[in-house]
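Report on one structure; see the data block that follows.
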Amino acid sequence: MTISAAQHRSAASLVVFDFETTGLSPDMGDRAIEIGAVLIENGKITARFQQLMNPGIRIPVFIENLTGISNTMVKEANSNAQVMGEFYDFIAGQNLVAHNASFDERFLRAEFKRIKKYCPAGIACSLLAARRILQQAPNHQLATLAAYKQLPSEGIYHRALADAEVTAHLWLSLLAELETQHALYDLSFGFMQQLTKTPKHQLPKLYAKHQAGIAYV
DNA sequence: TGCCAGGCCCTCTTTAGGGCCTT
């Protein structure tokens with residue numbers, strides 16, 4: 001919780017993160033109420049970050065029921081500004097991964113903007129990667145993929161750290177799948193970002209380029 | 001109290017519509 005990711009930086013490291021929020025859109029006034037994240041180094045989780053935060057607005061009943069995070073719980077929590085400042089330090093220098101990253105990225109940028117910070121890190125999406133690598137999965141919801149791949153999980157969902165941990169295991173599973181199914185090794189973050197932007201029918205060409213030694217940043 | 005968004009991706013497409021994902 002207090003360990004900075006920057007203190008653990010390595011070439012094969014990244015941070016997987018997840019927000020719980022009051023709704024779906026920061027542009028409509030929704031705010032983050034919890035952030036959870038894990039640092040992955042060389043295929044292992046080596047640090048964790050989890051904090052509730054007090055958004056200064058009421059949490060809808062629907063969200064209380066969905067997440068188990070109540071207005072009472074966040075009342076005593078630190079402000080979003082303080083928590084996001086600490087999270088900014090945690091992710092310093094790291095690339096980021098989230099499940100359906102477009103959602104979490106919107107809240108990340110919105111909360112950072114409020115404290116006049118910007119996110120220089122690259123962000124990759126485990127949902128887009130899973131849609132390409134696990135095309136045969138029943139669907140690509142995080143819980144479904146966790147069951148489908150029998151990922152380590154305590155069966156808790158819609159809490160930030162638990163979801164971040166499952167997403168981290170999913171990300172490692174996707175890398176393993178690329179190794180076993182396509183003989184792709186030592187995949188960079190840049191390659192994985194490229195994969196999530198590649199149409200499915202062009203994946204064989206992408207895999208062939210990597211196997212031929214064409215580097216991705 | 002109830003509702004809100006937006007990117008991706010497929011198809012009966014591209015001058016569009018709708019399901020999937022996230023809270």
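Protein chains get the first letters and strands the later ones, always in sequence-line order, with residue 1 at the start of each. No hydrogens, no waters, no symmetry mates; every other heavy atom, side chains included, goes into these values.
- For Glu111(A), the side chain to side chain donor-acceptor pair (under 3.5 Å) partners at least two apart in sequence or on another chain are Arg31(A), Asn80(A).
- Between Lys197(A) and Ile33(A), the one whose closest nucleotide on DNA chain B sits nearer the 5' end is Lys197(A).
- Rounded to whole Å, the P atom of dC8(B) lies 22 Å from the corresponding atom of dC4(B).
- When the P atom is used for both dT1(B) and dT14(B), the distance is 44 Å, rounded to whole Å.
- Taking the six-membered ring where tryptophan is involved, the planes of Tyr88(A) and Phe112(A) are perpendicular, since the angle between them exceeds 60° and thus also 30°.
- A salt bridge links Glu34(A) with Arg159(A): the closest approach of a Lys/Arg side-chain nitrogen to an acidic carboxylate oxygen falls below 4.0 angstrom.
- Side chains of Thr144(A) and Asn139(A): a donor on one and an acceptor on the other come within 3.5 Å.
- Nucleotides dT13(B) and dG18(B) have their P atoms positioned 13 Å apart, rounded to a whole Å.
- Of the possible donor and acceptor atoms, none in the side chain of Arg131(A) sits under 3.5 Å from a partner among the backbone N and O of His140(A).
- Between dG2(B) and dG6(B), the distance separating the two P atoms is 24 Å to the nearest Å.
- In this structure, CZ on Arg106(A) lies 8.0 Å from CG on Asn100(A), to the nearest 0.5 angstrom.
- Comparing Arg131(A) and Pro60(A) along DNA chain B, the residue whose closest nucleotide (by nearest heavy atom) sits nearer the 5' end is Pro60(A).
- Among the atoms of the strands shown, none is found under 4.0 Å from any heavy atom of Asp104(A).
- Mapping heavy-atom proximity under 4.0 Å, the span of DNA chain B touched by chain A runs 5' to 3' from dC4(B) to dT23(B).
- Here, dT23(B) and dG17(B) have their C1' atoms 25 Å apart, quoted to the whole Å.
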